[in-house]
Amino acid sequence: MNGSVKAFYKTKNLINGFKQHPTITSINFKNFNSKLNLCDNPIEARQLFDKLPQKSSPLYNLMMRYYTQNQQPYQALQLFAEMLTSTKYQPDNFTFPLVFKVCGDLSLIKTGKMVHCRVVYSGYVWNEYVQNSLIAMYMSCGEVEVGRKVFERMLGKTLVSWNTMISGYFSNGRAKDALMVFDRMIDEGVGIDRATVVSVLPACASLKDLQRGRLVHELVERKGIGNSVFVRNSLVDMYAKCGCIGEAKAVFDEMVERDVVSWTAMMGGYVLNGDARSALALCLAMQLEGIRPNSVTVATLLSACISSSDLNRGKCLHGWIIRSKLESDIIVETSLIDLYTKCNRVDLSLRLFTKTSKQRIGPWNAIITGLVHNKLAIKAVEMFKQMLVEMMEPNGVTLMSLLPAYADLADLSMAKNIHSYLVKIGLCPRTEISTNLIDIYSKCGSLESAHEVFKEIPIQEKDIITWSTIIAGHGMHGHGEVAISFFDQMVQAGIRPNDVTFTSALQACSHAGLVDEGLRLFKTMVVDHQETPRTDHYSCIIDLVGRAGRLKEAYELIKAMPLKPNHAVWGALLGACVIHQNVEIGEEAAKILFEVEPDNTGNYILMSKLYATVGRWEDAEKVRIIIRDKGLRKIPGCSSV
DNA sequence: ATAGGGTTAG
């Protein structure tokens, strides 16, 4: 009797298949899942899967998830391909998110797009999980616009969709867009959760948007989601990066539970705010609480040593790093190379560099940056060529740190070489890169080439730095009028000049002797743009007015300065006095210069020259004696002047 | 059962 019932059901199952019997399917599912969890390796898991008497889409999904969780993403894709070719086991709303995650992680954009087509065809494209994973995939492949399209077309946007957009924009370097999404989210009353907070706060931090950051903090407290280490860590980081070290510390102190990230973020905050000592002190406190520093912590501590130029402490840390077996960590290696180059010990950096694995870009970038920093331009270029020989692909960071070396070299044929390389790899025209090229060509003396590069940048992408560079380039070669016309064009293009632009423009006037133009510019700067002039602006103006022979006016300008005039300002005046043989004002300037920079023999030389040109030989001789004494004592190259 | 999440360096 009992047996015949069982037999009946068995037959029925065989006829209908498992799909019609959710209870039996779910038993199989749970059973297989728990068996998978006991597997030691993917091979064993696969054997288990192959032995299943009856497969189904959910079981395929389980096996694929096992693969992705055990770092075998390609095996997961292989299974997905099997599903597609089979007629029995079609991918479903659980399969596609898995596949999109793999495509995103591996940046398999072509595969991803193909699967996207398939998902449209299958109809699962309306599933929210599928849509959200699609957005995430496009974002991690750098296809921001496609991701945005999927998002905009979604009818049932969920909190996850919004969060994905925010973190996607941010990780693609578009912090502003991330914040715009956040604003829209608030406007439309979507609400926020912990994931929103940890996605939006880094964007606030990178833009130093304290106002928005505070708003997020307020929302966190109001919603009561501040009881998470993640959330609090990102708050600490945001306040620190916005320069509010006090508030960062307050959030940090309030925390009941702190992990290594909390401590590291706090240390990084101190370093950023120029307080290396507090950062190092925090390291001790952290260890007293029983938290071990990780490689990021160590990198942060090393940057504290760099910012305080504390080579000795850096060396101590290096010792500790070796004892803790952290020395082969890529982040730590990179930071150590950075430490030694910034402390002018290129020898030690190179020794470390030869030991690192050359497979990662970090150490290459660090050593090239370091060589450029130490004005070893030729070595930097050689290192770059070595990098190409070793089949390492440079990125934007590499080139941005390398290009200033070419400006130092001021070698036109080398400049043309790197320019054509940049075009070949598709990095030119691109604003930051092109701006560097403009600087390089200007310093090589080839203003035509600089102008060519400048013209290639679309008008809306020319930023304040681009304009300032082309202005400075023309200024340094005495083409004051052209420089000023660029300045006017910039203003017309709707870009607000900043203090750097004004410095370039004023220097251009000064080199070309455009007195009235310079004064007009200075007035525009103060009155129209409400820019507070800095001492280097004043030194340009003084130089300009002084060279024109209007020495009294220059002297009056200095006396009326709201800031304390520095050596450059007085030096400009003294230089002008020499040209126009004005001893009276020259002596005033020299008196102060001898006080503020007693070791600069240049000032004494100028003064002695001034006395000599007006025939005051005795005074000239007196100053010459001082030069000789100082020269012998202090500056070895002095006799050559 | 599935989708989104923090700290460093370059």
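Quick note: numbers below take in every heavy atom, side chains included, and nothing from hydrogens, waters or symmetry partners.
Here the C1' atom of nucleotide B/dG10 and the CG atom of A/D329 are 14 Å apart, to the nearest Å. Computed from coordinates, the A/W126 CH2 to B/dA3 P distance equals 21 Å when rounded to whole Å. Distance A/R65 CZ to B/dT2 C1': 8 Å, rounded to the nearest Å. The CG-P distance, from A/N127 to B/dA3, rounds to 12 Å in whole Å. What separates CG of A/L159 from C1' of B/dG4 is a distance of 9 Å, to the nearest Å. Following rounding to the nearest Å, A/L302 (CG) and B/dG10 (P) show an atom-to-atom distance of 11 Å. Atom CG of A/N163 is separated from atom C1' of B/dG6 by 14 Å (rounded to the nearest Å). We find that CD of A/E333 is positioned 14 Å from C1' of B/dG10, with the value rounded to whole Å.
If you check every strand for non-hydrogen atoms under 4.0 Å, A/N93 touches a base. Contacts of A/D92 with the nucleic acid, taken as non-hydrogen atoms under 4.0 Å apart, are absent. In this structure, A/Q131 reaches neither bases nor backbone, as no heavy-atom distance under 4.0 Å exists between it and the strands shown. A/P363 comes within 4.0 angstrom of no nucleic acid atom, judged by non-hydrogen atoms across all strands.
A perpendicular orientation is assigned to the rings of A/F49 and A/Y60, their planes being inclined by more than 60° (bins at 30° and 60°).
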Identify all side-chain donor-acceptor contacts of residues 391-401 of chain A below 3.5 Å with residues at least two apart in sequence or on another chain.
{"residue": "A/N395", "atom": "OD1", "partner": "A/N365", "partner atom": "ND2", "Å": "3.4"}
{"residue": "A/N395", "atom": "OD1", "partner": "A/V397", "partner atom": "N", "Å": "3.1"}
{"residue": "A/N395", "atom": "OD1", "partner": "A/T398", "partner atom": "N", "Å": "3.0"}
{"residue": "A/N395", "atom": "OD1", "partner": "A/T398", "partner atom": "OG1", "Å": "2.8"}
{"residue": "A/T398", "atom": "OG1", "partner": "A/N365", "partner atom": "OD1", "Å": "2.6"}
{"residue": "A/T398", "atom": "OG1", "partner": "A/N395", "partner atom": "N", "Å": "2.9"}
{"residue": "A/T398", "atom": "OG1", "partner": "A/N395", "partner atom": "O", "Å": "3.3"}
{"residue": "A/S401", "atom": "OG", "partner": "A/T369", "partner atom": "OG1", "Å": "3.4"}
{"residue": "A/S401", "atom": "OG", "partner": "A/V397", "partner atom": "O", "Å": "2.9"}
{"residue": "A/S401", "atom": "OG", "partner": "A/T398", "partner atom": "O", "Å": "3.0"}

Donor-acceptor pairs under 3.5 Å, side chain of residues 283-290 of chain A to any protein atom, not counting sequence neighbours: which ones?
{"residue": "A/E289", "atom": "OE2", "partner": "A/R258", "partner atom": "NH1", "Å": "3.3"}

Atom pairs and distances, side-chain donor-acceptor, residues 315-328 of chain A, under 3.5 Å, sequence neighbours left out:
{"residue": "A/H318", "atom": "ND1", "partner": "A/Y340", "partner atom": "OH", "Å": "2.8"}
{"residue": "A/S324", "atom": "OG", "partner": "A/W320", "partner atom": "O", "Å": "2.8"}

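When the nucleotides B/dA3, B/dT2, B/dG6 are ranked by their closest atom to the side chain of A/F230, B/dG6 comes out on top. With B/dA1, B/dA3, B/dG4 as the choices, the nucleotide that has an atom nearest any side-chain atom of A/N61 turns out to be B/dA1.
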Could I get a table of every N or O pair under 3.5 Å where one atom is in the protein and the other is in nucleotides 7-9 of chain B?
{"residue": "B/dT8", "atom": "OP1", "partner": "A/K241", "partner atom": "NZ", "Å": "2.8"}

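Nearest heavy atoms, A/M137 versus A/C103: SD-CB, 3.7 Å. Residues A/F182 and A/I192 share a closest heavy-atom pair of CE1-CG2, 4.1 Å.
In this structure, the aromatic ring of A/F94 is positioned over the six-membered ring of the base of B/dA1, centres within 5.5 Å and planes within 30°.
Taking A/Y421 as the reference, A/F384 meet the ring pair (Phe, Tyr, Trp, His ring centres under 6.0 Å) condition, with sequence neighbours excluded. Residues meeting the side chain to side chain donor-acceptor pair (under 3.5 Å) test with A/Y67, sequence neighbours left out: none. The side chain to side chain contact (heavy atoms under 4.5 Å, CB included) search around A/D408 returns A/K375, A/A377, not counting sequence neighbours. Not counting sequence neighbours, A/F170 has no partner by the ring pair (Phe, Tyr, Trp, His ring centres under 6.0 Å) test. The side chain to side chain donor-acceptor pair (under 3.5 Å) search around A/T264 returns A/T297, not counting sequence neighbours. Among residues two or more places apart in sequence or in another chain, the side chain to side chain donor-acceptor pair (under 3.5 Å) test is passed with A/Q72 by none.
Judged by atom type and distance alone, A/N365 does not reach the base of B/dG10 through any side-chain donor-acceptor pair under 3.5 Å.
For DNA chain B, none of the residues of residues 140-150 of chain A falls under the heavy-atom distance limit of 4.0 Å. Remark: A/D193 in residues 171-193 of chain A come within less than 4.0 Å of DNA chain B through at least one heavy atom.
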